[in-house]
Amino acid sequence: MKAIGLSRYLPVENSESLQDFELAKPEAVDHDLLVKVKAISVNPVDTKVRAPKEQFEGPPRILGWDGAGEVVAVGQQVEHFSVGDQVYYAGDITRSGSNCEFQLVDERIVGTKPASLSFAEAAALPLTSITAWEALFERLQISAQGDDAGKLILIIGGAGGVGSIAIQLAKKLSKLNVIATASRPESQQWCLDRGADNVVNHRQSLDDELTAIDKPLVDYILCLNSTDQHWSAMAKAIKPQGKICSIVDTSKVDLSLLKSKSASFIWEFMFTRSMYKTPDMIEQQRLLNKVSELIDNGVLVTTVNTLLQPINAENLRKAHKMIEQGNAIGKLVLSDWV
Ligand SMILES: NC(=O)c1ccc[n+]([C@@H]2O[C@H](COP(=O)([O-])OP(=O)(O)OC[C@H]3O[C@@H](n4cnc5c(N)ncnc54)[C@H](OP(=O)(O)O)[C@@H]3O)[C@@H](O)[C@H]2O)c1
């Protein structure tokens, strides 16, 4: 099968940073599906894993943690899928990724692809939808049924891959009052088009920006970018007893800033369930199926914004380079092998 992988960890400008390989097709056992991959998307995690370092791989390492395709074989313990099913999934960071023609993935973290979307449109969604869903409804414990309607949420990094779906979930399902951050006219407009009520600029003082729209305090904060940079502004903006969730590493947040407000801080890491094989890992299958239904019912829309064809090392290097620039709007997808 065709695959794109790396043997060395090199800057993306180096043509050996991601290369085309021909590898043996894997075999499905246990809970695994063997999926014929039709489209993939690229996330910042791909570029972080590929980042230059002195490390070498024997068999090439295959990255990619978003895929959409068709099931071509199933392991003996598979219960929910059959050959021919169209699926979408993010996969497991501890396993080989989606940048190959045939990928093994545990059925418990796979959803049925939205019927109304192409494979490319579907591949944009899994990793970011799982992240946004778990962050909003499980970590921040916001009602997905509208019981928290009207409460204020600040989504930092609103136009990126995760923000593009988080804004929709917070607005359409939870009926929150959504303030997103974006720094450029086109990323600001993207947030408004996804349903944000206000957009403020994360390159300015967030405190001043929130005060200017008369919303200096918020019930929830979802931080999707630069946790350290925004920490003191978040601590100031969170209401007493409010909740902050971050998905981005930090080296130095001072939790004591939250003490007088009895505010909470919680992490979201979308690979936790697959990495630790938690007993509830099938929740990711359920939430992907719910996202599928919401897409097919017209409640949510895909977040794809850029499509590169075909799937090969040259286009994947291009995609990594774009993601590394840190100013993506929506999702970047590659589709079709030649
Ligand atoms: N923990 C998890 O499970 C998890 C899951 C998914 C992603 N992540 C991490 O979350 C981060 C975001 O992922 P993503 O896919 O949304 O990334 P992305 O699509 O690459 O995000 C791009 C967006 O980031 C915004 N941005 C750039 N600098 C910013 C800053 N200093 N403050 C606020 N926003 C800024 C940009 O807005 P402007 O162009 O308008 O400035 C741009 O629209 C990445 O670090 C990723 O690795 C973690």
Side-chain angles (χ1 to χ4, degrees), residues 40-51 63-66 90-94 109 123-140 154-169 179-194 196 199-206 209-210 221-234 237 244-251 265-276 278 284 287 303-306 319-333:
I40 59 176
S41 92
V42 180
N43 290 283
V45 65
D46 302 52
T47 64
K48 290 177 188 176
V49 173
R50 203 216 73 250
L63 312 179
W65 289 282
D66 257 333
D92 177 342
I93 191 78
T94 66
I109 55 172
L125 288 164
L127 185 144
T128 50
S129 298
I130 294 170
T131 308
W133 188 287
E134 290 182 345
L136 292 168
F137 306 137
E138 301 187 27
R139 312 299 176 221
L140 290 171
L154 173 65
I155 299 180
I156 296 177
V162 183
S164 300
I165 191 74
I167 291 173
Q168 297 187 60
L169 292 172
I179 309 165
T181 81
S183 71
R184 297 167 294 144
E186 56 272 37
S187 50
Q188 289 165 349
Q189 189 58 48
W190 177 270
C191 294
L192 293 171
D193 292 345
R194 311 268 99 51
V199 182
V200 297
N201 187 344
H202 48 238
R203 308 261 178 236
Q204 305 294 332
S205 149
L206 278 183
E209 291 277 297
L210 292 172
I221 299 175
L222 178 53
C223 181
L224 308 177
N225 211 297
S226 310
T227 308
D228 287 342
Q229 177 196 332
H230 298 300
W231 182 248
S232 57
M234 289 195 273
I244 301 172
C245 175
S246 176
I247 68 166
V248 182
D249 285 347
T250 161
S251 50
F265 175 76
I266 188 156
W267 287 113
E268 159 59 18
F269 183 52
M270 59 78 54
F271 291 118
T272 299
R273 284 178 157 140
S274 49
M275 183 181 260
Y276 293 98
T278 62
Q284 292 196 338
L287 80 83
T303 52
V304 66
N305 192 25
T306 307
H320 274 232
K321 195 168 183 174
M322 290 161 83
I323 294 293
E324 279 180 351
Q325 284 162 0
N327 58 2
I329 295 181
K331 291 292 303 171
L332 198 170
V333 169

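Order of appearance sets the numbers: ligands from 1, and atoms from 1 within every ligand. We're numbering straight along the sequence, starting at 1. What's counted below: heavy atoms across the whole structure, side chains too, no hydrogens, waters or symmetry copies. Note that this is a predicted model, so its numbers are computed, not measured.
The main-chain N or O of A159 is never found under 3.5 Å from a side-chain atom of S187 such that the two would form a donor-acceptor pair. For the pair W65 (side chain) and D92 (backbone), a donor-acceptor distance under 3.5 Å is present. Looking only at distances, a side-chain donor or acceptor of T47 sits under 3.5 Å from a matching main-chain atom of P44. Judged purely by atom type and a 3.5 angstrom limit, N305 uses its side chain to pair as donor or acceptor with the backbone of I329. Although no hydrogens or angles enter the test, the distance criterion places a donor-acceptor pair under 3.5 Å between the side chain of D66 and the main chain of L127. A donor-acceptor pair under 3.5 Å links the side-chain atoms of Q284 to the main chain of M270, judged by distance alone. K331 places no side-chain N or O within donor-acceptor distance of the main-chain N or O of T128, the cut-off being under 3.5 Å.
The nearest non-hydrogen atom to atom 13 (O) of ligand 1, considering only A135, P44, S246, comes from P44. When Q325, H202, Q229 are checked for heavy-atom proximity to atom 31 (N) of ligand 1, Q229 turns out nearest. When E268, K48, R184, Q188 are checked for heavy-atom proximity to atom 39 (O) of ligand 1, R184 turns out nearest. Counting only non-hydrogen atoms, the option in L224, V199, N201 that gets closest to atom 12 (C) of ligand 1 is L224.
Residues N43 and K48 have side chains that never bring a donor and an acceptor to within less than 3.5 angstrom of each other.
Protein heavy atom in closest approach to atom 40 (O) of ligand 1: S187 OG, 2.6 Å. Protein heavy atom closest to atom 21 (O) of ligand 1, with residue, atom name and distance, is G160 CA, 3.6 Å. In this structure, atom 36 (C) of ligand 1 lies nearest to the protein heavy atom G326 O, 3.7 Å. The single protein non-hydrogen atom nearest to atom 28 (N) of ligand 1 is R203 NH2, 3.5 Å, given as residue, atom name and distance. When hydrogens are left out, the protein atom nearest atom 48 (C) of ligand 1 is I247 O, 3.2 Å; that is the closest non-hydrogen contact. Annotation: atom 19 (O) of ligand 1 to nearest protein heavy atom, G161 N, 2.8 Å.
The shortest N/O to N/O separation between N327 and ligand 1 does not fall below 3.5 Å. An N or O contact shorter than 3.5 Å is missing between G163 and ligand 1 by distance. Residue S226 has at least one nitrogen or oxygen atom sitting less than 3.5 Å from a nitrogen or oxygen atom of ligand 1, judged on distance alone. For ligand 1, none of its N or O atoms has an N or O atom of L127 under 3.5 Å away. Any N or O atom pair closer than 3.5 Å counts here, and A182 shares no such pair with ligand 1. For H230, a nitrogen or oxygen atom sits less than 3.5 Å from a nitrogen or oxygen atom of ligand 1, counting backbone and side chain alike. Between N225 and ligand 1, an N or O atom pair is found at a separation short of 3.5 Å.
Under a 4.0 Å criterion applied to the non-hydrogen atoms of S183, ligand 1 contributes the atoms 38 (P), 40 (O), 41 (O). For ligand 1 and M270, the ligand atoms under 4.0 Å from any heavy atom of the residue are 2 (C), 3 (O). Interface of A159 with ligand 1, defined as ligand atoms under 4.0 Å from a residue heavy atom, comprises 43 (O).
For the pairing with L206, the side-chain contact (heavy atoms from CB on, under 4.5 Å) check across I156, I179, I221, N201 returns one residue only, I156.
Side chains of I165 and W133 form no contact here, defined as non-hydrogen atoms less than 4.5 Å apart. Using a 4.5 Å cut-off on side-chain heavy atoms (C-beta onward), M234 and T227 make contact.
Residue contacts with ligand 1, taken as heavy atom pairs separated by less than 4.0 Å, do not involve K331 at all. With a 4.0 Å cut-off on non-hydrogen atoms, A328 touches ligand 1 through its backbone as well as its side chain. If you look at I156 next to ligand 1, the close heavy atoms, those under 4.0 Å, all belong to the side chain. The side chain of T131, and not its backbone, has at least one atom closer than 4.0 Å to an atom of ligand 1 (non-hydrogen atoms only; side chain from C-beta on).
Of all heavy-atom pairs spanning T303 and W190, the tightest one is O-CZ2, 3.8 Å. Summarising the geometry of V162 relative to T131, their closest heavy-atom pair is CG1-CG2, 4.1 Å, with the distance given to 0.1 Å.
Salt-bridge formation is not detected for the pair E209/R203: no Lys NZ or Arg NE/NH1/NH2 atom is positioned less than 4.0 Å from an Asp or Glu carboxylate oxygen. For E138 and R273, the salt-bridge test passes: some basic side-chain N is under 4.0 Å from an acidic carboxylate O.
At least one heavy atom of V248 sits under 4.0 Å from some atom of ligand 1.
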